[in-house]
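Atoms considered below: every heavy atom in the structure, side chains included; atoms not considered: hydrogens, waters and symmetry mates.
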Amino acid sequence: MLCVPHITLTWTSLSSSEQSICQARASVMVYDDASKKWVPIKPGQQGFSRINIYHNTANNTFRVVGVKLQDQQVVINYSIVKGLKYNQATPTFHQWRDARQVYGLNFASKEEATTFSNAMLFALNVLSSPDSGGEVSVTSATLTFTPWHRVPTESGEAWNLIMVSSTSG
């Protein structure tokens with residue numbers, strides 16, 4: 001019998017098209033219809049996660065990504081779509097729904113909730129604007145590359161990203 005060791009492949013990308021537009025600490029929850037209660041999105045995984053909203057500037061899409069602070073496990077990787085209904089239920093608890101699930105974020109502070117909601121409302125505004133598919137033209141720019149952290153892609157692979165900031169000239 002041939003034993004093959006378990007190998008995990010990690011794709012690496014130096015894509016500059018996706019960048020975080022906000023970061024906050026929150027517990028990621030889902031509403032359980034059966035019990036009529038909010039529960040952690042992954043059973044047994046209570047506690048705070050680092051929640052980012054990423055903007056893919058190449059195709060003008062946004063997604064919410066949550067990574068547990070304790071073990072760096074991805075708990076949410078959610079594409080924000082045009083028309084999504086976002087509700088600030090309390091100053092520190094915000095929610096949204098899709099056809100399958102109601103998601104909730106219980107923020108560590110009002111300030112972090114406000115930071116996140118401002119970014120979410122910005123994303124929804126961009127997605128709903130008539131010219132959201134347009135491109136930005138820059139005649140000349142200076143690019144600065146800064147190492148960044150690991151972020152899962154929509155298909156689940158982990159990518160190493162770099163943050164690119166530009167100065168138009």
Side-chain angles (χ1 to χ4, degrees), residues 10-33 35-129 132 146-165:
T10 301
W11 297 98
T12 301
S13 170
L14 298 180
S15 171
S16 62
S17 62
E18 191 170 56
Q19 60 187 345
S20 175
I21 61 170
C22 82
Q23 180 173 292
R25 288 173 303 141
S27 296
V28 183
M29 314 291 281
V30 291
Y31 189 75
D32 178 32
D33 282 327
S35 67
K36 305 291 184 207
K37 293 181 181 178
W38 287 98
V39 297
I41 193 165
K42 293 203 175 176
Q45 293 220 357
Q46 295 179 334
F48 286 117
S49 297
R50 181 179 57 247
I51 311 296
N52 285 274
I53 294 181
Y54 289 100
H55 180 205
N56 184 318
T57 56
N59 59 15
N60 209 23
T61 59
F62 297 86
R63 62 191 177 111
V64 176
V65 176
V67 177
K68 290 293 294 177
L69 293 175
Q70 185 178 27
D71 60 10
Q72 303 304 301
Q73 292 293 312
V74 175
V75 293
I76 189 168
N77 187 359
Y78 186 91
S79 294
I80 301 170
V81 295
K82 181 179 180 175
L84 178 137
K85 300 298 181 204
Y86 183 70
N87 178 38
Q88 298 174 42
T90 73
T92 58
F93 187 81
H94 300 182
Q95 62 193 52
W96 70 93
R97 76 166 44 243
D98 62 21
R100 298 180 311 120
Q101 194 72 58
V102 182
Y103 300 88
L105 296 175
N106 193 18
F107 293 97
S109 69
K110 289 179 184 179
E111 294 76 19
E112 290 185 270
T114 299
T115 297
F116 183 88
S117 67
N118 287 342
M120 176 64 87
L121 295 173
F122 168 78
L124 293 171
N125 187 48
V126 168
L127 292 172
S128 66
S129 68
S132 64
T146 307
W148 217 13
H149 50 84
R150 297 172 71 107
V151 176
T153 65
E154 291 175 4
S155 61
E157 301 112 357
W159 289 28
N160 289 325
L161 296 179
I162 56 172
M163 181 172 62
V164 178
S165 59

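- Of all the heavy atoms in I51 and A26, the pair that sits closest is CG1-CB, 4.0 Å.
- Interatomic distance, CE of M120 versus CD1 of I21, reported as 9.0 Å (0.5 Å rounding).
- Atom OG1 of T57 sits about 14.0 Å away from atom OH of Y54, to the nearest 0.5 Å.
- Looking at K42, its side chain does come within 3.5 Å of a backbone N or O of V74 through a donor-acceptor pair.
- Going from atom CG of N60 over to atom OG of S17 covers 11.5 Å, rounded to the nearest 0.5 Å.
- Minimum interatomic distance between M29 and F93 (heavy atoms only, all atoms of both residues): CG-CE1, 4.4 Å.
- Using cut-offs of 30° and 60° for the angle between ring planes, the F62 and H55 rings count as parallel.
- For the pair L84/L124, a side-chain contact is recorded, criterion being any heavy-atom separation below 4.5 Å from C-beta on.
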| said: Evaluate R50 against Q23 for side chain to side chain contact (heavy atoms under 4.5 Å, CB included), listing each step before the verdict. | reply: CA-CA 7 Å; R50 181 179 57 247; Q23 180 173 292; 3.2 Å; yes

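- Contact record, N56 with A58: OD1-N, 2.9 Å, taken as the closest heavy-atom pair.
- Nearest heavy-atom pair, G104 versus W38, reported as atom, atom and distance to 0.1 Å: N-CZ3, 3.5 Å.
- Residues F116 and F107 place their aromatic rings such that the two centres sit under 6.0 Å apart.
- Under the rule for a side chain to side chain contact (heavy atoms under 4.5 Å, CB included), the partners of S117 that lie at least two apart in sequence or sit in another chain are Y86, Q88, H94.
- For G47 against K68, the heavy-atom pair with the smallest separation is O-NZ, 3.1 Å.
- Looking at heavy atoms from C-beta onward, E111 lies out of side-chain contact with T114 at the 4.5 angstrom threshold.
- Within the model, atoms CG of L127 and CZ of F122 stand 9.5 Å from one another, a figure rounded to the nearest 0.5 Å.
- By the side chain to side chain contact (heavy atoms under 4.5 Å, CB included) test, D98 pairs with Y78, R100, Q101, Y103, sequence neighbours left out.
- Expressed to the nearest 0.5 Å, how far CG of N77 lies from CG of N52 amounts to 11.0 Å.
- Proximity of K36 to Y31: side-chain heavy atoms (C-beta onward) are separated by under 4.5 Å at one or more points.
- For the pair I53/I80, a side-chain contact is recorded, criterion being any heavy-atom separation below 4.5 Å from C-beta on.
- Looking only at distances, no side-chain donor or acceptor of K82 sits under 3.5 Å from a matching main-chain atom of V126.
- Annotation: side chain to side chain contact (heavy atoms under 4.5 Å, CB included) contacts of T115 (sequence neighbours excluded): C22.
- In this structure, OG in S49 is found 11.5 Å from CG in N106, a value given to the nearest 0.5 Å.
- Proximity of a side-chain donor or acceptor of Q72 to a complementary backbone N or O of L69 within less than 3.5 Å is detected.
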